[in-house]
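A short write-up of the structure that comes next.
Chain letters run A, B, ... following the sequence lines, proteins first and then strands; every chain starts at 1. As the structure is a prediction and not an experimental result, all values here were calculated from the model.
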Amino acid sequence: MEIQYVIDTLFAIFAMTLIIFMVPGFAMLEAGLVRTKNVSAVLTVNVMIYAVASMAFLLIGYTYAFGGWDHQDGISKWAFFMFQMAFVGKTINIMSGGVSERSRILPLVVFTIIMGAFIYPTAVNLTWGANFLSGTALDISGMYDLAGSTVIHSTGGWALLAAIMIMGPRTGRYKNSKIHVIPASNIPLVTLGALLLWIGWFGFNGGSVGTISSKESADTVALTIMNTNTAGLSGAIIAWLLIYIRYRKFDITMILNGALGGLVAVTAGPDLYDIYTPIVVGAVGGALVVFAIPLFDKLRLDDPVGALSVHLVNGIWGTLAVGIFTDKSLLLQSKGIVVVGVLVFTVSFVTIYILNKLIQLRANDEEQFQGLDTVECGVESYPEFKRTI
Amino acid sequence: MEIQYVIDTLFAIFAMTLIIFMVPGFAMLEAGLVRTKNVSAVLTVNVMIYAVASMAFLLIGYTYAFGGWDHQDGISKWAFFMFQMAFVGKTINIMSGGVSERSRILPLVVFTIIMGAFIYPTAVNLTWGANFLSGTALDISGMYDLAGSTVIHSTGGWALLAAIMIMGPRTGRYKNSKIHVIPASNIPLVTLGALLLWIGWFGFNGGSVGTISSKESADTVALTIMNTNTAGLSGAIIAWLLIYIRYRKFDITMILNGALGGLVAVTAGPDLYDIYTPIVVGAVGGALVVFAIPLFDKLRLDDPVGALSVHLVNGIWGTLAVGIFTDKSLLLQSKGIVVVGVLVFTVSFVTIYILNKLIQLRANDEEQFQGLDTVECGVESYPEFKRTI
Amino acid sequence: MEIQYVIDTLFAIFAMTLIIFMVPGFAMLEAGLVRTKNVSAVLTVNVMIYAVASMAFLLIGYTYAFGGWDHQDGISKWAFFMFQMAFVGKTINIMSGGVSERSRILPLVVFTIIMGAFIYPTAVNLTWGANFLSGTALDISGMYDLAGSTVIHSTGGWALLAAIMIMGPRTGRYKNSKIHVIPASNIPLVTLGALLLWIGWFGFNGGSVGTISSKESADTVALTIMNTNTAGLSGAIIAWLLIYIRYRKFDITMILNGALGGLVAVTAGPDLYDIYTPIVVGAVGGALVVFAIPLFDKLRLDDPVGALSVHLVNGIWGTLAVGIFTDKSLLLQSKGIVVVGVLVFTVSFVTIYILNKLIQLRANDEEQFQGLDTVECGVESYPEFKRTI
């Protein structure tokens with residue numbers, strides 16, 4: 001009916017807008033977490049990702065993922081495109097954030113084109129889209145993943161894992177078998193960024209329900225947003241508790257990463273849970289972040305923003321959680337995780353490996369020492385402030 | 001009707017989302033107003049309040065305030081919950097902001113649980129909720145308070161007043177009978193925060209109309225938002241004028257606090273006024289802020305962010321204004337102010353007094369001198385910037 | 001029909017809210033682009049503009065522009081007012097940004113009143129409003145300008161050009177026939193501000209369609225938002241490419257200004273284009289910014305934030321683009337540009353000239369050297385950070 005078309009289009013526009021707030025969200029979060037000398041570079045990468053990934057998705061990726069522009073008729077096709085386009089940069093934000101402070105920008109831009117036009121659309125094609133493996137042994141359309149614990153967050157996480165393995169850690173990060181702690185340079189930006197992401201998640205998950213124009217779907221959307229939020233609350237609280245019990249300190253970056261871990265974890269099935277289950281899903285998510293961050297450091301996988309812990313680990317956990325807490329098949333959930341993981345990791349690894357050979361992804365030691373702001377951007381982030389380092 | 005249920009649910013989700021922007025709003029405002037050495041602590045408190053107060057409200061406070069989950073049927077009950085949940089942290093933000101730079105975090109978290117589960121829900125119960133005093137001499141359901149000049153802002157303000165009386169001023173603030181001025185450390189954050197709060201207010205007050213799905217209610221919502229905004233404009237202008245006439249300076253923090261004062265003042269009745277009355281209500285609100293801030297300093301009630309002036313004084317003024325400028329009873333408005341005030345102040349005072357005895361709310365002189373970022377969080381807010389103090 | 005009235009009112013409120021995010025957007029962008037010693041002054045100007053321009057529009061400008069409060073009946077008149085009010089400050093933000101670091105605040109406030117009550121409403125009157133020149137030789141109602149490439153952006157740009165001509169450059173900017181480069185002081189703020197503006201544009205352009213309550217109009221709104229975004233993407237990419245090819249650097253402020261240039265350019269006709277045309281419109285827009293910024297410096301028109309290039313040049317280009325890429329008359333588009341341009345430039349020039357005589361708009365050399373934060377506001381923006389300059 002016309003009125004439902006109108007309302008669902010308005011809802012998609014609203015949800016898309018909230019997701020676009022994740023662009024400044026990621027940008028501020030990552031700019032706050034890195035050292036002052038790399039802040040302009042990180043911000044440039046974030047803006048370039050939004051521009052380039054969205055354009056690649058518009059020109060190539062979208063029709064590949066969904067098989068064309070006219071595959072649905074419940075809402076305006078332009079609104080549906082915008083909603084889907086809002087997702088694509090996120091996967092690459094996850095990857096770029098985790099290789100901050102040591103990656104040159106041009107190769108990242110090239111990777112962004114490939115990811116936005118081919119890799120991410122492949123993940124979408126297999127799950128929410130045209131499904132070119134339909135009916136084959138690799139068909140994973142049975143996996144339930146409402147808003148992308150696997151399709152978005154693990155996808156970004158697997159690409160990041162490949163990148164970290166190829167690029168290695170920041171120079172000086174692991175010296176003489178010790179871990180050199182590098183503190184976040186701007187905590188207000190970290191906080192602002194994480195909270196904007198949190199708000200964006202309402203659009204991400206709520207909008208993924210796809211329709212709000214019946215009583216039933218309105219309830220589902222509202223439940224989805226409520227459960228999304230609850231998992232974030234729970235992840236924050238658990239991360240706080242675990243750190244506080246151990247160190248008697250309130251570690252704001254860990255609390256925020258715990259919240260984000262909970263949000264990633266609930267993303268696969270917020271519409272399926274009752275209102276208490278997200279407390280558990282989010283708590284496990286927050287705890288996983290607290291334990292995974294030092295673990296990746298032990299494995300010498302250097303990830304300045306904790307993206308592997310937040311997005312990869314919790315993307316997996318969240319997808320499994322749907323198999324555990326609902327009547328969806330844990331086996332099909334696991335199959336989806338594995339197929340997407342193997343596919344994205346392999347293709348990303350090969351792509352980044354070749355890119356690194358052709359146009360050197362890693363900034364050299366001297367460039368890292370100087371900072372990427374001057375080397376890559378010629379723009380200092382805070383030129384008037386005297387610095388301690 | 002189904003379509004109205006859908007539209008009102010969508011509207012509640014939209015309004016709720018705007019209110020959640022007040023979480024970064026308060027966080028940035030308060031982080032900008034305090035000294036650099038306390039910024040991480042302030043941000044941590046803001047995030048913890050959102051997490052803990054919302055969870056306490058979900059598990060206990062909400063059903064206590066409204067008598068259950070199924071008390072209304074015009075919109076999705078999950079959307080209604082989210083809208084109400086978005087309010088609860090605000091009352092505690094008001095309180096925590098005013099005791100910044102001297103309060104330890106753990107006791108604040110404990111107080112947040114009590115406030116989110118019991119104190120604030122009691123204020124809601126008596127006014128917008130189940131009303132357990134219905135029919136008694138203390139029944140204040142006759143007070144008109146659309147979006148909480150009393151229920152939210154005064155409630156937070158009374159709790160703050162109790163906290164300040166128990167905790168005393170920041171060490172060194174009032175020395176040798178002089179007032180030691182402590183300037184805000186980051187004016188862009190102050191501005192960003194205040195403007196996010198302003199935007200959030202559209203959801204706060206507009207959403208409090210409760211429905212938008214008829215022509216009449218759509219007009220009421222739009223009028224409410226317009227009047228809310230007008231009072232903010234007016235408060236900013238008056239605060240500027242008063243300071244400018246006196247000192248020939250444009251004091252941005254005072255202008256922003258004037259705007260916030262106007263916004264608090266209009267919150268009780270923006271749906272009842274014509275489009276010119278909010279100019280008066282907001283102007284008085286802005287003027288009250290300008291005069292109240294030095295007055296509280298004279299009373300040695302140390303409030304680093306001006307929360308008593310903005311929220312308590314204008315919460316009272318705004319509630320009275322409904323009795324003055326509309327046909328609502330000024331007597332019933334006054335009764336509501338007094339009952340909520342006595343109740344919240346007394347319970348908060350006793351709670352904070354006991355908390356302070358058990359787990360010491362006030363950071364000691366040495367901790368305050370060092371700054372709460374290192375003492376409480378182990379996380380400096382801007383570790384790479386050389387500081388003048 | 002009632003339900004359409006409701007939906008269109010809700011949509012107007014949503015769109016208006018997005019536009020209000022441009023208030024912190026402009027404030028953060030401009031605060032990040034100027035030197036630390038002028039940041040509080042810039043923020044004060046932005047807040048004052050919102051307060052004073054909106055109030056002047058409420059009391060005088062709105063009824064002048066539209067001929068009264070009851071000129072339309074498809075949506076709530078209060079929502080329509082708020083949507084229109086959200087625009088007015090933008091024109092003045094454009095002007096105030098371009099004279100940053102050398103303008104005293106009081107005369108700007110006086111100009112804001114005149115602009116908000118008379119100059120901008122005149123531009124609206126002639127185009128979207130009551131049209132007092134209807135039927136005369138100067139009737140420009142044939143110009144198509146959906147959301148204000150001319151009415152908003154060029155209007156602000158012409159006022160800025162007049163102001164720069166009268167006030168001259170910042171002291172020391174052009175010394176010994178050399179251009180003294182003054183770097184932006186805070187890149188995260190610049191990025192945050194530009195991205196908030198970008199998001200606000202969805203409301204600006206999408207909301208200007210005026211209705212979303214039919215299938216056709218819902219498609220138009222969604223297409224408008226999609227095309228708006230595409231032009232921003234395209235402007236960012238081209239600005240990056242041009243600078244990168246020339247200097248091998250990623251210049252984030254130029255990339256962001258390129259995006260804004262694309263967004264301004266598409267604003268006249270995003271509803272008329274197919275989904276590929278905005279790529280061209282935005283690319284030309286981004287390129288114009290890259291070439292215009294050094295050109296204005298050669299002309300000794302000192303514009304610290306690039307507002308002439310972004311808003312004036314692209315306002316003109318965008319209005320012409322509608323004549324080039326659609327079946328609208330290029331002649332009528334040009335006529336509109338010229339009439340609005342001559343009118344706004346002349347009136348602004350005279351107004352600012354007189355203002356400058358009466359209450360001196362330009363801060364003197366000593367005041368500029370000291371910085372406007374201390375001189376005008378008595379409030380340092382970052383008092384605790386040691387500075388290099």
**Message:** Does A/Glu216, at its CD atom, have more than 12 non-hydrogen atoms belonging to other residues, nucleotides or ligands within less than 6.0 Å?
**Reply:** no
**Message:** If you take the centroid of each ring, where Trp contributes its six-membered ring, are B/Phe21 and A/Phe21 closer together than 6.0 Å?
**Reply:** yes
**Prompt:** With respect to chain B, which residue among A/Tyr276, A/Tyr247, A/Tyr244 yields the maximal number of heavy-atom pairs within a distance under 4.5 Å?
**Reply:** A/Tyr244
**Prompt:** Atom CD of B/Glu380 and atom CD1 of A/Ile187: how far apart are they, to the nearest 0.5 Å?
**Reply:** 9.5 Å
**Proximal component of B/Thr36, with respect to chain A [non-hydrogen, under 4.5 Å]** = neither
**Message:** I'd like to know which of B/Thr17, B/Ile3, B/Thr9, B/Leu106 tops the heavy-atom pair count under 4.5 Å against chain A.
**Reply:** B/Leu106
**Request:** Check each atom of A/Ile212 against the heavy atoms of chain B and say whether the ones under 4.5 Å are side chain, backbone, both or neither.
**Result:** both
**Request:** Tell me whether the centres of the aromatic rings in A/Tyr382 and B/Phe385 are closer together than 6.0 Å.
**Result:** yes
**Structural part of B/Val379 lying under 4.5 Å from a heavy atom of chain A** = side chain
**Item:** Any side-chain heavy-atom pair of A/Ile275 and B/Trp69 under 4.5 Å
**Value:** yes
**Item:** Under 4.5 Å from any heavy atom of chain B - which part of A/Asn229
**Value:** side chain
**Request:** Please confirm whether the backbone N or O of B/Ile75 pairs with a side-chain atom of A/Lys215, one donor and one acceptor, at under 3.5 Å?
**Result:** no
**Taking every non-hydrogen atom, the tightest pair across A/Thr388 and B/Pro383** = OG1-O, 3.2 Å
**Atom group of A/Ile243 that falls short of 4.5 Å from chain B, counting heavy atoms** = neither
**Request:** Test side-chain contact (heavy atoms from CB on, under 4.5 Å) on A/Phe202 and B/Ile20 and set out the steps.
**Result:** CA-CA 10 Å; A/Phe202 296 170; B/Ile20 303 294; 3.9 Å; yes
**Item:** Proximal to chain A - members of residues 52-66 of chain B, heavy-atom separation under 4.5 Å
**Value:** B/Val52, B/Ser54, B/Met55, B/Leu58, B/Leu59
**Prompt:** Of all heavy-atom pairs between B/Ala51 and A/Ile237, which one has the smallest distance, and what is that distance?
**Reply:** O-CD1, 3.7 Å
**Prompt:** Is there a side-chain contact between B/Val47 and A/Trp240, using heavy atoms and a 4.5 Å cut-off?
**Reply:** no
**Request:** Please look at A/Ser217 and chain B and tell me whether the side chain, the backbone, both or neither of the residue comes under 4.5 angstrom of a heavy atom of that chain.
**Result:** neither
**Message:** If the test is side chain to side chain contact (heavy atoms under 4.5 Å, CB included), which one of B/Val109, B/Leu372, B/Val45 qualifies with A/Phe250?
**Reply:** B/Val109
**Prompt:** Looking at A/Leu10, A/Thr224, A/Ile225, which has the largest count of heavy-atom pairs under 4.5 Å with chain B?
**Reply:** A/Ile225
**Request:** Could you tell me which of A/Ser214, A/Pro183, A/Ala259 has the largest number of non-hydrogen atom pairs under 4.5 Å with chain B?
**Result:** A/Ser214
**Which portion of B/Glu376 sits near chain A, non-hydrogen atoms under 4.5 angstrom** = both
**Region of A/Ala184 in contact with chain B, defined by heavy-atom distances below 4.5 Å** = backbone
**Fill in**
So, the part of B/Val375 with a heavy atom under 4.5 Å from chain A: the answer is backbone
**Message:** Please find the pair of heavy atoms, one from B/Lys386 and one from A/Arg387, that lie closest to each other, and give the distance.
**Reply:** CE-O, 3.7 Å
**Message:** Rounded to the nearest 0.5 Å, what separates atom CG in B/Leu196 from atom CG in A/Leu196?
**Reply:** 7.5 Å
**Test side-chain contact (heavy atoms from CB on, under 4.5 Å) applied to B/Trp78 and A/Asn227, step by step** = CA-CA 9 Å; B/Trp78 315 122; A/Asn227 282 344; over 6 Å; no
**Complete:** Whatever's closer than 4.5 Å to a heavy atom in chain A on B/Tyr50 counts as both
**Asked** Per the side chain to side chain contact (heavy atoms under 4.5 Å, CB included) rule, which among B/Asn186, B/Leu192, B/Leu189 passes with A/Pro188?
**Response** B/Leu189
**A/Thr230, part contacting chain B, at a heavy-atom distance under 4.5 Å** = both
**Asked** Of all heavy-atom pairs between A/Thr191 and B/Met28, which one has the smallest distance, and what is that distance?
**Response** CB-CE, 4.2 Å
**Fill in**
Among A/Val190, A/Thr253, A/Val221, A/Leu195, the residue with the most heavy-atom pairs under 4.5 Å to chain B is A/Leu195
**Request:** Could you look at B/Thr44 and say if it's the side chain, the backbone, both or neither that has a heavy atom under 4.5 Å from chain A?
**Result:** both
**Request:** Grab the two heavy atoms, one from A/Lys37 and one from B/Glu384, that are nearest each other, plus how far apart they are.
**Result:** N-OE1, 4.5 Å
